[in-house]
Each structure stands twice: as structure tokens, then as C-alpha cells.
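We number each residue from 1, following the sequence as shown.
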Amino acid sequence: LLDAATLWSASGQKKKALQALEKGLKLSSEQNNPYQACLFLISLLLNALELGDVASGADYLNKLEKINADNRFAFEIKL
């Protein structure tokens with residue numbers, strides 16, 4: 001879903017891309033896969049900031065900080 005979202009976003013289908021990212025986040029969370037969940041959260045966070053949606057961006061950042069127990073995504077959080 002991450003690759004599909006990237007392709008949809010690049011082709012101007014932002015809404016479809018965001019839906020794929022949200023679905024990927026939900027599925028990775030249900031499967032208890034924090035690494036994949038973080039990848040989706042990073043993409044969602046960056047998209048929210050690009051669109052000027054600060055409230056959603058803050059929500060994604062909070063979720064990312066909670067899931068990132070091993071600090072694998074410390075750079076993305078700091079960014």
C-alpha cells in the first residue's frame with residue numbers, strides 16, 4: 001500500500017493516496033507491526049504538513065512518537 005500511495009500521489013490522486021496510507025496504518029497496527037505503522041505515519045505526517053493540516057500532523061506525530069519505542073525513526077520525528 002505504501003508504494004501504491006506513492007504512485008497515486010505522484011499522479012495527482014492525493015485523496016486516493018491518503019486513503020491507502022490510512023488503510024496501511026490501520027492494517028499494520030492490527031497486525032502489531034510497529035515498523036510498518038511508523039512508515040505509514042511518516043508519510044501521513046509529511047502529507048499533512050504539505051497540505052497545511054497542522055492538527056492532523058500533530059496527531060500523526062504523537063502516534064509516531066508512541067510507536068517508535070526503539071528510536072529507529074528519531075530523525076523523522078526530529079525533522
If you compare all heavy atoms of Ala20 against all heavy atoms of Trp8, which two are closest, and at what distance to 0.1 Å? CB-CZ3, 3.5 Å
From Leu44 CG over to Leu39 CG, what is the distance, rounded to the nearest 0.5 angstrom? 11.0 Å
Would you kindly confirm whether Leu7 and Ile42 end up in one hydrophobic cluster when ILVMFWY residues are joined by side chain heavy atoms under 4.5 Å apart? no
Checking Ser9 side chain against Ala5 main chain: does a donor-acceptor pair fall under 3.5 Å? no
Take atom CD in Glu30; do more than 12 heavy atoms of anything else shown fall under 6.0 Å from it? yes
Identify the heavy atoms of Ser43 and Leu2 that sit nearest to each other, and give their distance. OG-CD1, 3.6 Å
Find the distance between CG (Asn62) and CD1 (Ile67) and round it off to the nearest 0.5 Å. 11.0 Å
In this structure, CG of Leu41 is separated from CD of Glu65 (nearest 0.5 Å) by 11.0 Å
Taken to the nearest 0.5 Å, the spacing of Leu61 CG from Lys66 NZ works out to 11.0 Å
Nearest heavy-atom pair of Lys14 and Asn47: which atoms, and what distance? NZ-OD1, 4.4 Å
For the atom pair OG1 (Thr6) and CG (Leu1), what is the distance rounded to the nearest 0.5 Å? 10.5 Å
Non-neighbouring partners of Glu22 that pass side-chain hydrogen bond (donor to acceptor under 3.5 Å, both in side chains), sequence neighbours left out: Tyr60
If you measure from NZ on Lys23 to CZ on Phe40, what distance do you get to the nearest 0.5 Å? 10.5 Å
Under the side chain to side chain contact (heavy atoms under 4.5 Å, CB included) criterion, do Leu51 and Leu18 qualify, and how do the steps go? CA-CA 11 Å; Leu51 296 172; Leu18 290 174; 3.9 Å; yes
